[in-house]
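FYI, side chains are in, hydrogens and waters are out, and symmetry mates aren't considered; it's all heavy atoms of this structure.
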Amino acid sequence: MHSLLSREKKEEEAGFGIDLGLSPGFLPQAATMFSCVGCFWVLLSSALVAVCSFSFISPAWIVKDQMRNNHQHHHHHHNNKDSVSFGLLWHCSESLDHMYRCYTFGGLGKFAEIPSSSWQTSAVLCSGGCALLAVSSLLAIITIFLPSGGCERRICTLAGYMQMASVFIMAAGLLVYPFGLNSSLVRSFCGDSDIYYAGECQIGWGYMLAIVGVMLTVFLPFFAKYAPKEQLSPTPLPTLL
């Protein structure tokens with residue numbers, strides 16, 4: 001009886017030892033299943049894709065608000081529009097009947113009818129940079145579900161390079177856009193406007209939102225560098241970082 005009890009006690013101790021031996025092996029995997037930097041990188045990338053997309057389709061890059069002239073009713077043709085705004089692909093106007101109408105430049109599918117070649121170039125650059133940022137965001141999401149290792153680091157590196165390229169592309173599009181302020185369409189509403197001078201118009205919230213989005217996108221390659229779960233060696237990025 002005594003030998004039977006001692007044998008059961010030894011088996012329990014052996015089982016306890018096995019549990020203790022296996023538990024540390026699983027703890028590091030659970031701890032490194034998700035990276036805090038990687039999760040923040042994914043969230044920020046997704047948010048900036050939404051911000052850039054919303055700002056690029058916004059019609060409020062250049063805006064002009066006019067005060068109604070209610071003292072001259074006999075001049076019904078005077079101040080026939082209360083406000084007007086321009087974007088990359090849209091222009092909107094508000095008439096005296098308080099209706100705000102938006103139209104695409106020349107209609108959908110007529111890219112050549114955008115009133116300025118500078119705006120055409122800006123539209124290509126901004127949409128291309130935003131699409132590249134969206135693809136890199138998808139790659140960032142994929143890295144969450146990948147095990148730590150070389151494959152994850154390579155995808156983080158690729159996404160970081162794509163995000164860096166999207167910053168330069170979208171920034172170039174934003175810099176090119178003001179060159180179109182000297183077009184005849186803008187001059188008809190904004191008066192004596194010229195390159196980097198809006199005349200009677202002003203910079204709208206859509207253009208400012210695009211600038212803020214591009215400025216925040218600059219930080220994404222830095223987070224991509226430290227996004228992998230195992231930080232044995234950071235992912236290689238250009239030396240300028």
Heavy atoms, side chains only, cut-off 4.5 Å: are [X] and [Y] in contact?
| X | Y | answer |
| --- | --- | --- |
| Val212 | Val51 | no |
| Ile155 | Leu146 | yes |
| Tyr196 | Phe179 | yes |
| Glu200 | Phe189 | no |
| Trp205 | Ser58 | yes |

Linked, directly or transitively: Val135 and Leu43 (ILVMFWY side chains, under 4.5 Å):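 Not linked; separate clusters.
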
Whether Ser122 side chain and Val176 backbone form a donor-acceptor pair below 3.5 Å: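 A pair under 3.5 Å: no.
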
All pairs passing side-chain hydrogen bond (donor to acceptor under 3.5 Å, both in side chains) where residues 164-183 contributes a residue, at least two apart: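 Listed once each, the pairs would be none.
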
Selection residues 43-52 - residue pairs positive for side-chain hydrogen bond (donor to acceptor under 3.5 Å, both in side chains), sequence neighbours left out: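 Sorted result for residues 43-52: Ser45-Gln163, Ser46-Ser137.
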
Interatomic distance, [X] atom [atom1] to [Y] atom [atom2] [nearest 0.5 angstrom]:
| X | Y | atom1 | atom2 | answer |
| --- | --- | --- | --- | --- |
| Leu48 | Leu133 | CG | CG | 6.5 Å |
| Thr143 | Leu138 | OG1 | CG | 11.0 Å |
| Phe54 | Ile57 | CZ | CD1 | 6.5 Å |
| Leu174 | Leu88 | CG | CG | 8.0 Å |
| Ile169 | Cys126 | CD1 | SG | 10.5 Å |

Test applied, side chain to side chain contact (heavy atoms under 4.5 Å, CB included); reference residue, Ile203; option that passes from Val63, Ile211, Ile62: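 With Ile203 as partner, Val63, Ile211, Ile62 yield a single side chain to side chain contact (heavy atoms under 4.5 Å, CB included), made by Ile62.
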
Test of ring centre spacing under 6.0 Å for Trp61 and Tyr207: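 Yes, the ring of Trp61 comes within the 6.0 Å limit of the ring of Tyr207, centre to centre.
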
Step-by-step side chain to side chain contact (heavy atoms under 4.5 Å, CB included) determination, Leu220 to Trp41: CA-CA 7 Å; Leu220 292 181; Trp41 175 51; 4.0 Å; yes

Pairs flagged by salt bridge (Lys or Arg N to Asp or Glu O under 4.0 Å) wherever residues 163-188 is involved - sequence neighbours left out: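 Qualifying pairs: Arg187-Asp192.
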
Full working for side chain to side chain contact (heavy atoms under 4.5 Å, CB included) between Phe86 and Trp119: CA-CA 11 Å; Phe86 299 94; Trp119 286 8; 4.0 Å; yes

Intermediate values then yes/no, disulfide (SG to SG under 2.5 Å), Cys52 and Cys130: CA-CA 7 Å; Cys52 292; Cys130 189; 5.5 Å; no

